[in-house]
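This is the structure I want to talk about, given as structure tokens.
Keep in mind that what you see is a predicted model, and the values were worked out from it rather than measured.
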Amino acid sequence: MAALGSPARTLRGLLRELRHLSVATGRPYRDTAAYRYLVKAFRAHRVTSEKLCRAQHELHFQAATYLCLLRSIREHVALHQEFHGRGERSVEESAGLVGLQLPHQPGGKGWEP
């Protein structure tokens, strides 16, 4: 369990991911049902004494797993947008990618004036 970190850190990470989602939707993250549920669940499973609380550890493990999922999805989408192919490129664009320029023909496409 020590590898999970503190529950407060996991909650902050989840709220950070909610903020990333709220930027995309344009709604404040504090108005979402997910925010209210997370805060309510973490408050309900808070340990106030030094006794071992299995439910609190289970919630923390599930929250850390969900945080990993949200981060991975966000990073996957960012990588996909950056490196995904844009379809077929023209000859000029392909030449520009490798630093070449195509010769220009006088008078447009053909040799006619």
Exercise. Which atom names give the shortest non-hydrogen contact between L59 and A41, and what distance separates them?
Worked result: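 Smallest heavy-atom distance, with atoms named: CD2-O, 3.6 Å.
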Problem set entry | Partners meeting side chain to side chain contact (heavy atoms under 4.5 Å, CB included) with S6 (sequence neighbours left out) | A8, R9
Problem set entry | Residues clustering with V98 (ILVMFWY side chains joined when closer than 4.5 Å, directly or via others) | L100
Exercise. Members other than L79 in its cluster, when Ile, Leu, Val, Met, Phe, Trp, Tyr link by side-chain heavy atoms under 4.5 Å?
Worked result: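 Besides L79, the cluster holds F83.
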For this session: Please name all residues satisfying salt bridge (charged side-chain N to carboxylate O under 4.0 Å, His left out) with R36, sequence neighbours left out, ordered by chain then number.
Result: none
For this session: With sequence neighbours excluded, give me every salt bridge (Lys or Arg N to Asp or Glu O under 4.0 Å) pair touching residues 90-99.
Result: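 Found none.
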Exercise. Hey, what else clusters with V91 if you join Ile, Leu, Val, Met, Phe, Trp, Tyr whenever side-chain heavy atoms sit under 4.5 Å?
Worked result: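 Grouped by the 4.5 Å side-chain rule, L102 form the rest of the cluster around V91.
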Exercise. Counting only heavy atoms not in Y66, do more than 12 fall under 6.0 Å of its OH?
Worked result: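 Incorrect, the count does not exceed 12.
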Exercise. What closest approach, in Å, do S94 and R89 show between heavy atoms, and which atom pair accounts for it?
Worked result: OG-CB, 3.8 Å
Problem set entry | Those residues that, when tested against R74, pass side chain to side chain donor-acceptor pair (under 3.5 Å) (two or more places apart) | E17
Exercise. Residues two or more places apart in sequence or in another chain: which of them pass side chain to side chain donor-acceptor pair (under 3.5 Å) with R30?
Worked result: Y35
Exercise. What's the shortest heavy-atom distance between F42 and A63, and which atoms?
Worked result: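 For F42 and A63, the tightest heavy-atom pair comes out as CZ-CB, 3.7 Å.
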For this session: Fit a plane to each ring of H80 and H76, take the angle between them on a 0 to 90° scale, and name the class: parallel (under 30°), tilted (30 to 60°) or perpendicular (over 60°).
Result: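 Rings of H80 and H76: parallel, under 30°.
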